[in-house]
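See below for the structure under consideration.
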Amino acid sequence: MDVALLVNPTARASARTHAAEDVAALLRAHGIRTTLIAGGSAVESTDLLRLALQAGADAVLVAGGDGTVNLAAQELAGTGIPLGIVPTGTGNDVATALGLRERDARGAAEAVAAGSTRTIDLARVRRVDGSTSLYATVLASGFDSRVNDRANRMRWPRGHVRYDLAILIEFLRLRCVAFEVELEHDDGTIERRGEELLMATVGNGPTYGGGIPICPDADLADGLLDVTLVRPLGRTRLLRLLPRVYRGTHTDIDEVVTARVRRVRLSAPATTAYADGDAVGMLPLEIDVVPGALRVFAPAAR
């Protein structure tokens, strides 16, 4: 077997490179030919990955977080070529949903060596210009996306503190936006909602942001998307809600609306959507599910 091992192109710390080298050594010990790919940018890494696939790579392994997984998923969706993950990113929500532990090079290598695979769905985003992209975890719009927008504009401070500060500023400026939401349910019925919302999320998987179960019942392989809408609520009420969000028990409160759908269309003024941690476009966007789109290496179920 020939494996292309892609290292997060934006990684600054050496830990991710070391994890990649560790997993490469473990794979080679199993007689699996492994080639490291490390572009200087996401575009360069995509080009190198395409070349590796054209050269006949039998599988792809990524050392990084959800953004690096997303980069590889765009190329592997629908090909049947399996994707493995060494979770070394800030957010490792895809890996966690697959039962992979953070920075577990041995576990990732063993899954590849054993040929232990499963098939998962991906969500597809369609923009107004007709272009599309895929994601594996959760698409967020509203409060969460405004936090990302603000953090991306900030030049100081660096690291997680920047996001903590962005959350605080957006919390103090808490506001809702007029959303138009169109839901296509599993039975084909269409539901349209027009209302003020604090946030709207569309989950292929259950968690985002490094383990927050915003769509706690989402299943990577059920052929459906889970929608979570949060209606207006005050700061005090939001503070009381947050612990329940982190426990995944927020879906039964009055201000939260959930649905399981095949397709959803979100529209709201001046609102960016983020998926797998990166911006995917301004609303309006249409999101649908692509069942069984990606084959992944995962530990055998116990």
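The first residue of the sequence shown is numbered 1, and numbering continues consecutively from there.
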Looking only at non-hydrogen atoms, find the nearest pair between [X] and [Y] and report the distance.
X      : Y      : answer
Ala279 : Tyr274 : N-CD2, 3.3 Å
Leu83  : Ala72  : CD1-CB, 3.9 Å
Thr34  : Ile32  : OG1-O, 3.1 Å
Asp121 : Pro291 : OD1-CA, 3.2 Å
Gly84  : Phe297 : N-CD1, 3.6 Å
Ala136 : Leu220 : O-CD2, 3.6 Å

Side-chain touch [X]/[Y], heavy atoms, less than 4.5 angstrom:
X      : Y      : value
Leu6   : Ile37  : yes
Leu238 : Leu198 : yes
Val112 : Met1   : yes
Val177 : Arg146 : yes
Arg118 : Leu98  : yes
Thr189 : Glu191 : no
Asp2   : Thr35  : no

Is the backbone of [Y] close enough, under 3.5 Å, to the side chain of [X] for a donor and an acceptor to pair up by distance?
X      : Y      : answer
Thr88  : Gly64  : yes
Thr96  : Val94  : no
Ser45  : Gly39  : yes
Arg150 : Leu165 : no

Would you say [Y] ends up clustered with [X] if hydrophobic residues are merged whenever their side chains have heavy atoms under 4.5 Å apart, either directly or through other cluster members?
X      : Y      : result
Leu71  : Leu134 : yes
Ile167 : Leu233 : yes
Ile214 : Ile287 : no
Val290 : Leu285 : no
Met199 : Ile253 : yes

Stepwise side chain to side chain donor-acceptor pair (under 3.5 Å) check, Thr79 with Arg295: CA-CA 8 Å; Thr79 67; Arg295 186 175 165 214; over 6 Å; no
Note: Arg33-Asp58 ion pair, threshold 4.0 Å (strictly below): no
Basic-acidic side-chain contact under 4.0 Å: Glu182, Arg263: yes
Option among Asp276, Thr207, Val138 that satisfies the side-chain contact (heavy atoms from CB on, under 4.5 Å) test with Asp93: Thr207
Sole candidate of Val256, Val245, Asp217, Val202 that passes side-chain contact (heavy atoms from CB on, under 4.5 Å) when paired with Thr228: Val256
Spacing of Asp254 atom CG and Arg231 atom CZ [to the nearest 0.5 Å]: 8.5 Å
Distance, nearest 0.5 Å, that separates CG of Leu174 from CZ of Arg235: 5.5 Å
Neighbour count above 12 (heavy atom, 6.0 Å) for [X] [atom1]:
X      : atom1 : result
Phe171 : CZ    : yes
Arg173 : CZ    : no
Arg244 : CZ    : yes

Short side-chain donor-acceptor distance under 3.5 Å, Asp66 and Tyr135: no
